[in-house]
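The block underneath contains the structure these notes are about, expressed in structure tokens.
Only heavy atoms go into these numbers, but all of them, side chains included; no hydrogens, no water, no symmetry mates. The chains referred to below are lettered A, B, ... by the order of the sequence lines, with proteins before strands, and numbering in each begins at 1. Quick caveat, the model's predicted, so the values are computed rather than measured.
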There are 2 protein chains.
Amino acid sequence: MSRYSKKILNLINTSCEHLTAEQIYLEMKKEEPGIVLASVYNNLNRLHEEGLIRKVVIEGSPERYDKMLKHDHLVCSRCGKLTDIHLSDFTSQIEEQSGIKVLSYDLKINYLCPECIRQMENIRRNENG
Amino acid sequence: MSRYSKKILNLINTSCEHLTAEQIYLEMKKEEPGIVLASVYNNLNRLHEEGLIRKVVIEGSPERYDKMLKHDHLVCSRCGKLTDIHLSDFTSQIEEQSGIKVLSYDLKINYLCPECIRQMENIRRNENG
DNA sequence: TTTATAATTAGAATAATTCTAAATTTAGGA
DNA sequence: TCCTAAATTTAGAATTATTCTAATTATAAA
């Protein structure tokens, strides 16, 4: 196993955030000052090929790296914040409806996060009051 | 409405493919030889903000622009090909399970497309025969 | 028509990621 | 332990997709 991959995997698996390569690089530098951004990318790509981590792509931001454990994502349509949500597994429903064999799926749900809802209510209140 | 937006919207709405900005640009040039790639991007971003088209982001390829009409996506895990699939709407299930208000969602299903399944079977046959 | 606003152009700039080639590290025999 | 081959890392250039800037042109409204 490569020099950094265990630490990088651990970072991803223990982080509550969805880290970018840059963030992982900065975090790694604390313990491995010599590490270079390209090595972070190399490791992330290897870990992803080995099926040990997930990549999360969202429009307009760099890729984020995530634990493998099955879960879905909420994306706030106003501020873009990404959070996890644990829904039931839709695999069998998809397979029944489509007849295909599902290897995995990626479900991103657009919603308004509580902060944005609050902010929008405040704005409305100020306009009308 | 802007000079090109109607044609671009039409291209997207009538295409069976999931076009990239580059492909839309090349297609537009046939009728509008003076058009420039930046204008295609401007128009696509405007159409997207207006909610008239969808953006589809897949790891490792440029963004693709898609009709708004609700549908889901199949992504072949071997060759990466993207195709449409029409599944039932999971919105109410998601809302019941989570308690959030779903604005929309984006479901990408990883599978093996028929061509890849065939190719893999051929490879296996050659190895064993 | 005049004017203001919006869209377009050309091309530079940016940001994220990959690539290249050389150096270093690692792992597995001899 | 030493040697060798393969894998990883490094530094920095290159690439790609997309955005930005400023000047120009088109559009629509008064």
Side-chain angles (χ1 to χ4, degrees), chain A residues 1-12 15 17-66 75 79-82 106 108, chain B residues 1-12 15 17-66 73 75 80-82 106 108:
Chain A
M1 217 181 198
S2 89
R3 180 139 58 119
Y4 302 134
S5 60
K6 212 164 240 164
K7 274 188 185 167
I8 289 178
L9 182 57
N10 209 46
L11 252 180
I12 291 168
S15 171
E17 317 258 306
H18 300 83
L19 302 170
T20 62
E22 180 76 23
Q23 290 171 324
I24 292 166
Y25 166 66
L26 292 175
E27 206 52 42
M28 284 295 289
K29 279 233 283 201
K30 294 178 185 169
E31 294 183 50
E32 303 278 357
I35 197 173
V36 126
L37 185 55
S39 296
V40 173
Y41 276 108
N42 288 343
N43 277 281
L44 290 170
N45 285 334
R46 231 175 304 121
L47 288 169
H48 181 239
E49 278 163 23
E50 289 164 358
L52 298 175
I53 59 172
R54 286 216 254 171
K55 283 193 190 186
V56 187
V57 260
I58 327 186
E59 196 216 310
S61 90
E63 309 224 21
R64 288 165 184 281
Y65 297 86
D66 197 4
V75 186
C79 71
K81 201 177 71 199
L82 178 67
D106 173 11
K108 278 198 276 284
Chain B
M1 220 184 197
S2 89
R3 181 139 59 118
Y4 303 133
S5 62
K6 213 165 238 161
K7 275 188 185 169
I8 289 177
L9 183 57
N10 209 46
L11 252 180
I12 292 168
S15 171
E17 317 257 308
H18 299 83
L19 302 170
T20 62
E22 181 76 24
Q23 289 171 322
I24 292 166
Y25 166 64
L26 292 175
E27 206 52 42
M28 285 294 289
K29 278 232 283 201
K30 293 178 185 168
E31 294 184 50
E32 302 278 356
I35 197 173
V36 125
L37 184 55
S39 296
V40 173
Y41 275 108
N42 288 343
N43 277 280
L44 289 170
N45 285 335
R46 230 174 308 121
L47 289 168
H48 182 240
E49 276 163 24
E50 289 163 0
L52 297 174
I53 60 173
R54 285 216 255 171
K55 283 192 189 186
V56 187
V57 259
I58 327 185
E59 196 216 310
S61 89
E63 308 225 21
R64 288 164 184 282
Y65 296 86
D66 197 5
H73 286 122
V75 186
K81 202 176 70 198
L82 179 67
D106 172 12
K108 279 198 276 283

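The heavy-atom pair separating Pro62(B) from Thr20(B) by the smallest distance is CG-CG2, 3.9 Å. Summarising the geometry of Leu47(A) relative to Ile8(A), their closest heavy-atom pair is CD1-CG2, 3.9 Å, with the distance given to 0.1 Å. Summarising the geometry of His18(A) relative to Gln23(A), their closest heavy-atom pair is O-OE1, 3.9 Å, with the distance given to 0.1 Å. Between Gly80(B) and Val75(B), the closest heavy-atom pair is O-CG1, 4.0 Å. The two residues Tyr65(A) and Leu44(A) have their closest heavy-atom pair at CE1-CD1, 3.6 Å. Among all heavy-atom pairs drawn from Asn43(B) and Ser2(B), the shortest one is OD1-OG, 2.8 Å.
At dA16(C), none of the side-chain N or O atoms of Arg64(A) fall inside 4.0 Å of OP1 or OP2 (strictly under the cut-off). Between Asn42(B) and dA6(C) there is no side-chain polar atom (N or O) within less than 4.0 angstrom of OP1 or OP2. A close approach under 4.0 Å does not occur between any side-chain nitrogen or oxygen of Asn43(B) and OP1 or OP2 of dA7(C). When the side-chain nitrogen and oxygen atoms of Tyr41(A) are compared with OP1 and OP2 of dT17(C), one or more of them lie within a distance under 4.0 Å. Contact check, Tyr25(A) against dA16(C): no side-chain N or O comes under 4.0 Å of OP1 or OP2.
Taking atom CD on Glu63(A) and atom P on dT18(D), their separation rounds to 13 Å, with Å as the unit. For the pair Asn45(B) CG and dT8(C) P, the interatomic distance rounds to 12 Å; values are reported in whole Å. The distance between atom CZ of Arg46(A) and atom C1' of dA6(D), rounded to the nearest whole Å, is 12 Å. Spacing between atom OH of Tyr4(A) and atom P of dA7(D) amounts to 19 Å, rounded to whole angstrom units. In this structure, NE2 of His48(B) is placed 13 Å from P of dT18(D), rounded to the nearest angstrom. Going from atom CD1 of Ile24(B) over to atom P of dA17(D) covers 14 Å, rounded to whole Å. In this structure, the CD atom of Gln23(B) is 16 Å from the C1' atom of dT18(D), given to the nearest Å. The distance between atom CD of Glu49(B) and atom C1' of dT19(D), rounded to the nearest whole Å, is 13 Å.
With rounding to the nearest 0.5 Å, the separation of CD1 in Ile35(B) from NZ in Lys29(B) is 9.5 Å.
At least one side-chain heavy atom of Arg64(B) sits under 4.5 Å from a side-chain heavy atom of Leu82(B). Val57(B) has its side chain out of reach of Ile58(A): every pair of non-hydrogen atoms, C-beta onward, lies at least 4.5 Å apart. Within the 4.5 Å cutoff, no side-chain heavy atoms of Ile24(B) are placed close to those of Lys7(B).
Both Ser2(A) and Tyr65(B) lie near DNA chain D, and the one whose nearest nucleotide falls closer to the 5' end is Ser2(A).
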Per-nucleotide protein contact string for nucleotides 24-30 of chain D (B base, S sugar-phosphate only, - none; heavy atom under 4.0 Å): -------

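Using a 4.0 Å heavy-atom criterion, one finds that Glu22(A) contacts no nucleic acid atom at all.
Near DNA chain D, meaning a heavy atom under 4.0 Å away, the residues from residues 33-40 of chain A are Gly34(A), Ile35(A), Val36(A), Ala38(A), Ser39(A).
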